[in-house]
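Everything on this sheet refers to the single structure shown next.
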Amino acid sequence: MAPLLRRRRRRVLLLPLPYHGHINPMLRLAAALHSRGGLAVTVVHTETRAAEARRILPPGCALVTVPDGLTPDQLAASNDVPAFVTALNRNCLAPFRDILAAALGEEEECVVVVVADVDWYAPLAAAREMGVPALALMTSNAARFRVYLGYPRLCEKGYLPVQDLHVMVPDTARHVAYADLLDRIVAGVRQSSGLILNTFDGIERADIELIRRDTCIPVFPVGPLHALSPAAPAPAQLSSDHPEDRSCLEWLDTQVQGSVLFVSFGTLATIDADELTELAWGLAGSNRPFVWVVRPRLVRGRDSVDLPCEFLKETRGRGMIVRWAPQEEVLSHPAVGVFVTHCGWNSTLESMSKGVPMICKPCGGDQLGTARYVGDVWKVGVRVGVNDKLREGIQVAIKTLMAGKEGEAIRNRMKEMRDVVSKCIGKGGSSDLALQELIDFIDLS
Ligand code: UDP
């Protein structure tokens with residue numbers, strides 16, 4: 001009798017960029033590929049921040065680390081993106097090749113595809129060279145990726161770098177480094193076998209379509225990734241810097257439905273010491289209950305935050321300050337009525353999927369564009385005026401959103417948005433179908 005042909009186990013290697021806002025969506029994708037696609041999954045992570053990834057690693061997925069030659073402080077220095085992304089690509093390339101080569105040498109299984117964050121242009125190229133299809137994951141939105149695609153033309157036409165009348169000498173070196181990085185990223189994606197987007201048709205159909213046409217590669221808009229698979233089991237502590245404080249959930253249980261402001265600026269965004277004080281007094285003056293995530297490094301250039309004693313006294317019992325909140329759970333809590341956010345893409349998607357209207361106070365990068373979409377295009381939030389003093393700006397925004405006709409319309413649109421998200425990820429919805437296409441695509445690889 002002929003021996004039974006056993007199908008080799010099919011494995012996917014996933015490489016997130018080592019930042020929480022990138023790790024989390026990649027690991028949610030890992031969970032979906034494992035549980036729904038039946039694929040074996042290995043997450044390849046830089047040694048720095050590997051503990052963070054390990055804590056939220058989905059069940060059934062493996063994690064291996066690569067040396068990155070960077071210190072956690074270098075990774076935390078978010079103000080020189082081109083330098084550290086380039087260094088990561090340079091330092092991790094050889095160890096990544098070794099891991100892929102070892103995985104390809106396994107007899108019992110085969111590596112069918114590598115999925116890497118768009119920023120990992122070197123490992124994406126290495127996978128292709130080693131004969132493994134490479135897929136890129138953009139953890140931010142489609143509009144942002146279109147900016148990447150259009151960046152050279154914006155430079156050619158003289159729109160970039162933006163001429164700031166207040167700056168006598170424009171930072172040309174920084175601009176050139178950024179343009180160069182985007183060039184590499186876009187070239188890497190164009191040569192990939194496909195692009196996975198953490199967004200959904202319901203909000204970015206036109207941008208998604210334009211990316212398809214421009215890149216001529218398969219595009220899979222499977223987002224919001226956090227909604228496709230549940231959070232990995234209780235990340236009790238994200239890092240020693242970020243002990244998760246679940247007491248805010250109990251406190252929320254004692255508050256009136258829709259009354260609480262949740263204030264959080266993600267994992268990296270920083271504000272000036274003046275802005276911190278302004279924000280504090282803005283919250284105090286709103287007379288609303290609030291949960292405020294104050295990370296130790298929230299204030300630019302400092303390792304700890306001192307809130308004014310008078311502010312703490314005035315808001316005692318009404319305001320809760322935490323260093324790190326279980327954000328998705330907080331946003332799901334019925335007591336939360338408004339999300340004051342920096343408009344990081346994950347936070348924006350989480351807010352939309354929970355139907356919580358937003359007050360946008362972007363701090364830089366893609367947050368500026370996202371805030372604009374939230375306020376002016378999707379109309380599910382309000383932006384704090386750029387020329388307003390933060391204290392007044394926050395108070396006006398809170399009033400607009402929590403009282404009056406305009407606020408009611410925004411709140412209603414956000415409820416509709418929650419339904420749009422739930423349709424997209426539900427059976428037969430656009431993201432559900434895109435995920436199935438992605439799994440089928442990997443199956444044929
Ligand atoms: N987050 C959290 N608790 C906090 C603050 C942030 O769980 O106290 C999570 C949040 O749910 C989101 C991520 O951290 O998933 C932040 O990602 P985002 O893209 O919004 O911002 P970034 O940190 O990348 O600027």
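When a ligand or atom number is given, it counts from 1 through the structure's own listing order. As the structure is a computational prediction, the values presented were derived from the model and not from experiment.
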Could you walk me through whether Arg297 and Asp303 pass the salt bridge (Lys or Arg N to Asp or Glu O under 4.0 Å) check? CA-CA 5 Å; Arg297 291 188 174 181; Asp303 287 338; 3.6 Å; yes
Lys/Arg N to Asp/Glu carboxylate O, Lys313 vs Glu310, below 4.0 Å: yes
Using 0.5 Å steps for rounding, measure from the CZ atom of Arg146 to the CG atom of Leu210. 4.5 Å
Okay, side chain of Arg300, backbone of Thr270: is any donor-acceptor separation there less than 3.5 Å? yes
When you check the side-chain N and O atoms of Ser140 and Asn198, is any donor under 3.5 Å from an acceptor? no
Please work out whether the ring planes of Tyr19 and Phe84 are parallel, tilted or perpendicular, with thresholds of 30° and 60°. tilted
Let me know which protein residues bring a heavy atom to under 4.0 Å of ligand 1; chain then number is fine for ordering. His20, Gly21, Asn24, Ser264, Gly266, Thr267, Leu268, Val293, Trp324, Ala325, Gln327, His342, Gly344, Trp345, Asn346, Ser347, Glu350
